[in-house]
Colleague: 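Take this structure first; my questions come after.
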Amino acid sequence: QVQLAESGGGSVQPGGSLRLSCAASGSFFSINVMGWYRQAPGKERESVAAVPSGGVTNYSDSVKGRFTISRDNAKNTVYLQMNSLKPEDTVVYYCHAVASTVLAMDKMRDYWGQGTQVTVSS
């Protein structure tokens with residue numbers, strides 16, 4: 001199994017910044033994509049940003065230019081630097097990874113963190 005441990009959520013004023021971190025652990029064999037999703041109450045979970053292993057990062061239009069995703073493969077950790085935060089960024093953010101385990105090295109599947117709340121309010 002793969003466990004994703006998130007940290008860095010919290011409350012900030014509009015225009016402020018937060019940095020989310022997500023560390024992967026467990027019996028994984030390889031991690032392909034790591035990224036972040038977010039979900040507002042009553043809405044579907046949406047992709048915010050993702051970084052494939054050795055690939056090009058991608059962002060949703062709503063965060064492009066404000067958020068930056070990065071990945072430290074040596075630490076199996078993905079980060080999301082969120083700048084110029086807006087009240088509409090107030091949702092729960094979920095870490096996501098596509099990975100295979102040592103027991104099923106050829107089978108990639110999705111893994112999710114428990115979610116971290118980000119609140120942007122004055």
Colleague: Is any side-chain heavy atom of Glu6 closer than 4.5 Å to one of Tyr94?
Modeller: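 Tyr94 reaches Glu6 side chain to side chain.
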Colleague: Between Ser17 and Ser84, which heavy-atom pair has the shortest distance, and what is it?
Modeller: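 Closest pair (atom of Ser17, atom of Ser84, distance): OG-N, 4.4 Å.
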Colleague: What residue pairs, at least two apart or across chains, pass disulfide (SG to SG under 2.5 Å) with a residue in residues 19-76?
Modeller: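 Sorted pair list: Cys22-Cys95.
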Colleague: Does the side chain of Ile69 come within less than 4.5 Å of Arg71's, by heavy atoms?
Modeller: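 The answer is no; the side chains never approach within 4.5 Å.
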Colleague: To the nearest 0.5 Å, what is the distance between CG (Asp72) and CE (Met34)?
Modeller: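 These two atoms lie 10.0 Å from each other.
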Colleague: Side-chain contact, heavy-atom cut-off 4.5 Å: Pro87 with Pro14?
Modeller: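 Counting from C-beta outward, Pro87 and Pro14 do come under 4.5 Å.
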Colleague: Kindly give the heavy-atom pair with the smallest separation between Arg66 and Asp89, and that separation in Å.
Modeller: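 Of all heavy-atom pairs spanning Arg66 and Asp89, the closest is NH1-OD2, 2.8 Å.
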Colleague: How close do Gly8 and Leu18 get, heavy atom to heavy atom, and via which atoms?
Modeller: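 In this case the closest contact between Gly8 and Leu18 is O-CD2, 4.0 Å.
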Colleague: Does some side-chain heavy atom of Val102 sit less than 4.5 Å from a side-chain heavy atom of Phe28?
Modeller: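 The answer is no, as the side chains (C-beta and beyond) never meet within the 4.5 Å cut-off.
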Colleague: Just wondering, do Thr101 and Val2 contact through their side chains at under 4.5 Å, heavy atoms?
Modeller: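 In contact.
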Colleague: Which residues pass the side chain to side chain donor-acceptor pair (under 3.5 Å) test with Arg19, sequence neighbours left out?
Modeller: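 For Arg19, no residue satisfies side chain to side chain donor-acceptor pair (under 3.5 Å) once neighbours in sequence are set aside.
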Colleague: Check side-chain contact (heavy atoms from CB on, under 4.5 Å) between Val33 and all other residues, then give those that pass, not counting sequence neighbours.
Modeller: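 side-chain contact (heavy atoms from CB on, under 4.5 Å) check on Val33 returns Ala50, Pro52, Val98.
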Colleague: Applying ring pair (Phe, Tyr, Trp, His ring centres under 6.0 Å) as the test, list every pair that has at least one member in residues 98-122; sequence neighbours left out.
Modeller: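 Applying ring pair (Phe, Tyr, Trp, His ring centres under 6.0 Å) to every pair that reaches into residues 98-122, excluding sequence neighbours, yields Tyr37-Trp112, His96-Trp112.
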Colleague: What heavy-atom pair brings Leu4 and Ala24 nearest, and what distance separates the two atoms?
Modeller: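 That closest heavy-atom pairing would be CD2-CB, 3.6 Å.
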Colleague: Which residues pass the side chain to side chain donor-acceptor pair (under 3.5 Å) test with Ser30, sequence neighbours left out?
Modeller: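 In terms of side chain to side chain donor-acceptor pair (under 3.5 Å), with neighbours along the sequence ignored, Ser30 is linked to Ser100.
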Colleague: Write down the atom of Met82, the atom of Leu20, and the distance for their closest heavy-atom approach.
Modeller: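 Nearest heavy atoms, Met82 then Leu20: CE-CG, 3.7 Å.
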Colleague: Quick test of your reading: applying salt bridge (charged side-chain N to carboxylate O under 4.0 Å, His left out), list the pairs with at least one residue in residues 100-122, sequence neighbours left out, ordered by first then second residue.
Modeller: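 For residues 100-122, and leaving out neighbouring residues, there are no salt bridge (charged side-chain N to carboxylate O under 4.0 Å, His left out) pairs at all.
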Colleague: With rounding to the nearest 0.5 Å, note down the distance linking OG in Ser27 to CD in Gln3.
Modeller: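 Nearest 0.5 Å value for the OG-CD distance: 7.0 Å.
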Colleague: Scan residues 20-34 for pairs that pass salt bridge (charged side-chain N to carboxylate O under 4.0 Å, His left out), counting only residues two or more places apart or in two chains.
Modeller: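 Sorted result for residues 20-34: empty, none.
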Colleague: Please list every donor-acceptor pair under 3.5 Å in which a side-chain atom of residues 74-81 meets a protein atom from a residue at least two apart or in another chain.
Modeller:
{"from": "Thr77", "atom 1": "OG1", "to": "Lys75", "atom 2": "O", "distance (Å)": "2.9"}
{"from": "Gln81", "atom 1": "NE2", "to": "Asn83", "atom 2": "OD1", "distance (Å)": "2.9"}

Colleague: Name all pairs fulfilling the side-chain hydrogen bond (donor to acceptor under 3.5 Å, both in side chains) condition that reach into residues 51-60, sequence neighbours left out, sorted by first residue then second.
Modeller: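 As it turns out, the side-chain hydrogen bond (donor to acceptor under 3.5 Å, both in side chains) pairs with a partner in residues 51-60, which skip direct neighbours, are Ser60-Ser62.
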Colleague: Name all pairs fulfilling the salt bridge (charged side-chain N to carboxylate O under 4.0 Å, His left out) condition that reach into residues 42-58, sequence neighbours left out, sorted by first residue then second.
Modeller: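 Sorted pair list: Arg38-Glu46.
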Colleague: Do you reckon Val51 sits in the same ILVMFWY cluster as Val56, going by side-chain contacts under 4.5 Å, direct or chained?
Modeller: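 Cluster IDs for Val51 and Val56 differ.
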Colleague: Determine the minimum heavy-atom distance between Ile31 and Ala97, stating which atoms define it.
Modeller: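 Heavy atoms only, the tightest pair is CG2-CB, 4.3 Å.
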Colleague: Please list all pairs passing the salt bridge (charged side-chain N to carboxylate O under 4.0 Å, His left out) test where one or both residues lie in residues 47-62, with sequence neighbours left out.
Modeller: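 As it turns out, the salt bridge (charged side-chain N to carboxylate O under 4.0 Å, His left out) pairs with a partner in residues 47-62, which skip direct neighbours, are Asp61-Lys64.
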Colleague: I need the full list of disulfide (SG to SG under 2.5 Å) pairs touching residues 26-77, with sequence neighbours left out, sorted by first then second residue.
Modeller: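 Listed by first then second residue: nothing to list.
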Colleague: With a 4.5 Å heavy-atom cut-off, do Val118 and Thr90 have their side chains touching?
Modeller: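 When only atoms from C-beta onward are counted, Thr90 and Val118 do not touch, as no gap falls below 4.5 Å.
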